[in-house]
Amino acid sequence: MIRKSLTGLIGLVWAGGASADWALNMPQGVTDLSQETYDLHMMGFWVCTVIGVLVFGVMIFSLIKHRKTSGVAPAKFSHSTSAEVTWTIIPVIILVAMCIPAAKTMIKLEDTRNPDISIVVTGYQWRWHYAYQDQDLAFYSSLARPSLEARQLGSTIDPYSVDNYLLEVDRPMVVPVGAKVRVLLTSNDVIHAWWVPELALKKDAIPGMVNEIWFRAEHTGTVRGQCAELCGKDHGYMPIVVEVVEPDEFDKWLTANGGTPKAVAAAAK
Amino acid sequence: MTTAVADAAHHVEHGPAKGFSRWLFTTNHKDIGTMYLIFSLTMFFVGGTMALIVRSELAQPGLQFVHPEFFNQMTTMHALVMIFGAIMPAFVGLANWMVPLQIGAPDMALPRMNNWSFWILPVAFCMLLSTLFMPGGAPAGGWTMYPPLVLQTGDSFPFLIFSIHLMGLSSIMGAINIIVTIVNMRTPQMVLIRMPLFAWAWLITAYLLLAVMPVLAGAVTMLLTDQFFGTSFFLAAGGGDPVMYQHIFWFFGHPEVYIMILPAFGIVSEIIPTFSRKPLFGHDSMVYALAAIAFLSFIVWAHHMFTVGMPLSGQMFFMFATMMISVPTGVKIFNWASTMWRGAMTFETPMLFALAFVFLFTIGGFSGLMLALVPADIQYHDSYFVVAHFHYVLVPGSLFALMGAAYYWLPKWTGHMYNETAGKVHFWLSAIFVNVLFFPMHFLGLAGMPRRIPDYSTQFADFNMVATIGAFGFGLSQLIFVYVLLTCKKGPPATAEVWDHPKGLEWTVPSPAPYHTFAEPPKVDRTVAFPKDYD
């Protein structure tokens, strides 16, 4: 409760000057697990903040009071077993307490069973390939043309004039809202990583291996991400765009692009 | 007594040789220490220039100065030069100078190997830096050299591998030398557990080096054979495993980060008691904490790999083991705070750097604790949050400790007091700009900016500009340090003690320390290991 209200307070202070450009914190995202991840992040942040205030407070007090110019004679003590045992044991307890909620979320993150849709995502230098396993649809997704032109060295195009500069693709990945989407990650060449902050998901795409992650988006909308593992010269230019749409809209999108809708919409409902 | 005086006179006659041969053939630990320190300062400016190229490009969205491939060369080379060329050799240089003086030994145990382990380094770095001029440019796959990407490196690939081998060779020889020196050459009454903390930190660091540098050599050799001799250690197409490289690399890499911080802990444990005018709080628990950190550093490597795909039980083990490191690290922070508590502090430049170390390293420790929480790490991993984290522990951590050490022992090395005003200006500018430079990176990472990208979406523009301003401020402030070094000889002569009754054998020899010291083992009190305890 205190944590929530403190978060809110700081949020208010930040919101004062906050355009998106000065974003200070992790997004809370669009899935339950992204919210849990955010909460864990804030828990870590507040534990560190409280310890920091205490430790730095003691040190700053000491720096002000225990200086030679204030005429104090230095004390001679050089150890205290009870103090040392105390500040060894208390941190252990705090750490165990932090691990428990983290472990609960980790278990959920790994549970990729019974997906509504499976999408094989393959990393290429330097674009992504999306293959919808049961919908007969596969396509490449590359950096959108306006960003591509503006990003060149010596380009006269102002990045600010490009919508979603470097975070726009020619063909986004589309998923239905509420469906459990399993993403199977692999790579065709070097290691890439598929990262969408709003989904709180990041996983490496490794040649010769398949990694599994999953998400269930709670709202419709567009979320964006980028490759997060250095993969060569155009590593910075392989964005990810995921559009979360209503199930019937998803079926329309499948049909329009030559795919076959397969009872996904029903499952998502 | 007469013999001792005669001995001293005898040694003065055999002082340093003249000219370049003094430096090329020297087996004197002080000369070799000086060369290490000058070399590392040079590399610090080389690596710093690369960092400024990176930050210049990142000042605004869009590409203004360099192509992405050159940008990647700069980030890769910046890391390799700073880690293997600046931070590690600087600590070895300090060990060369100070370990024999602290333990009352006349020199390092293996002086000729000492000479060799230094002179390998300039060769290794000439080779590494020469790759900038090769077809295909310098290595651009990141300092971690992950396959398969690193195998796409151009002509510079074998030179990269060979220079890493040479650096490893130099480190291993340096580590052997330090271990043998400390174990065999302490003045007879100096009990191991009562040894000064800097020597202790280096003894433990040297064992870490000895354990992991061969692992790195093995990993890069496998890269070499994958590239040129048809093996498939890390190539999936041939039945190999690219992730295995990461396990091997981080088995080296995680102890490596402690190799770069444990000697810093040792330095801070020397400086804070001197300027607090109080003995170090919990000397023995400081030693045990160092040993605990060193042990834990071997069982946490996979926390660098939470996104590669690992069994759940593995993730949980590495999360918990990683969090445990903050226990002994916390003990060290609390002990430093307790050393200051009820002391009589003064704030000369070395103390300022040591204090900034304690505060800012702790911030790096906090972000490290947050990084250990696996679900949160999935967000932080390979983002600017991680860049902020490891720069906080390496720059206001390792580097500030090195700067503090340089100011602390400079009068002992040169026999002159440095310019205190310039030193303080250097400190305050560094301390302010280092935060302007690295603190905004936390926000960038949380907002979703990946690391190692040459250009970014416009939403990240503002904090990147702030960081770049900080980078130039920080980089230019370091020129004040060069000014301090160059003008040091003009300063007033230093006494043997230099500071206000510091403890330790190094303060019993004159300033500057004679070319040969402790030809006869000094006498120390068995229980405190120091010639002068506090009255």
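Just so it is clear: chains get the letters A, B, ... in the order the sequence lines come, proteins before strands, and each one is counted from 1. Scope of the values below: all heavy atoms of this structure, side chains included, with no hydrogens, waters or symmetry mates. Just so it is clear, the structure is predicted and the values come from calculations on it, not from any experiment.
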Tell me, side chain or backbone of Ser80(A) under 4.5 Å from chain B's heavy atoms, or both, or neither?
both

With chain A, the option among Val358(B), Leu312(B), Ile363(B), Thr346(B) that has the most non-hydrogen atom pairs under 4.5 Å is Leu312(B)

Considering only heavy atoms, which portion of Leu185(A) lies under 4.5 Å from any heavy atom of chain B: side chain, backbone, both, or neither?
neither

Chain B heavy atoms under 4.5 Å from Cys99(A): which part of the residue, side chain, backbone, both or neither?
both

Could you tell me which portion of Leu167(A) (side chain, backbone, both or neither) has an atom closer than 4.5 angstrom to a non-hydrogen atom of chain B?
side chain

Ranking Val308(B), Leu373(B), Val327(B) by heavy-atom pairs under 4.5 Å to chain A gives rank one to Val308(B)

Centroid separation under 6.0 Å, is that true for the rings of Phe359(B) and Phe56(A)?
yes

Return the option, out of Pro61(B), Ala236(B), Pro375(B), Gly309(B), with the maximum number of heavy-atom pairs under 4.5 Å with chain A.
Pro375(B)

State, without any angle test, whether Thr307(B) and Asp382(B) hold a side-chain donor-acceptor pair at a distance under 3.5 Å.
no

Below 4.5 Å from any heavy atom of chain A, which atoms of Met305(B) appear? Answer side chain, backbone, both or neither.
neither

Ring centre gap for Trp126(A) and His235(A) strictly below 6.0 Å:
no

Please flag which part of Val58(A) lies under 4.5 Å from any non-hydrogen atom of chain B: side chain, backbone, both or neither.
both

Contact part of Leu201(A) toward chain B, heavy-atom cut-off under 4.5 Å: side chain, backbone, both or neither?
backbone

Over 60° means perpendicular and under 30° means parallel, so classify the ring planes of Phe334(B) and Trp87(A), tilted if in between.
tilted

How are the rings of Tyr245(B) and Phe249(B) set relative to one another: parallel (under 30°), tilted (30 to 60°) or perpendicular (over 60°)?
parallel

Look at Asp234(A) together with Arg151(A) and state whether they make a salt bridge at an N to O cut-off of under 4.0 Å.
yes

Can the ring centres of His303(B) and Phe318(B) be said to be less than 6.0 Å apart?
no

Does any backbone or side-chain atom of Leu95(A) lie under 4.5 Å from a heavy atom of chain B? Answer side chain, backbone, both or neither.
both

Part of Ile157(A) within contact of chain B (heavy atom distance under 4.5 Å):
neither

So, the part of Thr88(A) with a heavy atom under 4.5 Å from chain B: the answer is both

Tell me, out of Thr339(B), Ile333(B), Val66(B), who's got the most heavy-atom pairs with chain A below 4.5 Å.
Val66(B)

Counting only heavy atoms not in Arg216(A), do more than 12 fall under 6.0 Å of its CZ?
yes

Trp194(A) six-ring face occupied by Lys203(A) cation (under 6.0 Å, within 45°):
no

Proximal component of Phe77(A), with respect to chain B [non-hydrogen, under 4.5 Å]:
both

Go through Tyr456(B), Phe65(B), Tyr380(B) and name the one with the most non-hydrogen pairs under 4.5 angstrom from chain A.
Tyr380(B)

Only pairs of heavy atoms separated by less than 4.5 Å count here; which of Gly343(B), Ala337(B), Ala447(B) has the most with chain A?
Gly343(B)

Step by step, work out the salt bridge (Lys or Arg N to Asp or Glu O under 4.0 Å) result for Lys108(A) and Asp32(A).
CA-CA 10 Å; Lys108(A) 292 185 206 165; Asp32(A) 287 345; over 6 Å; no

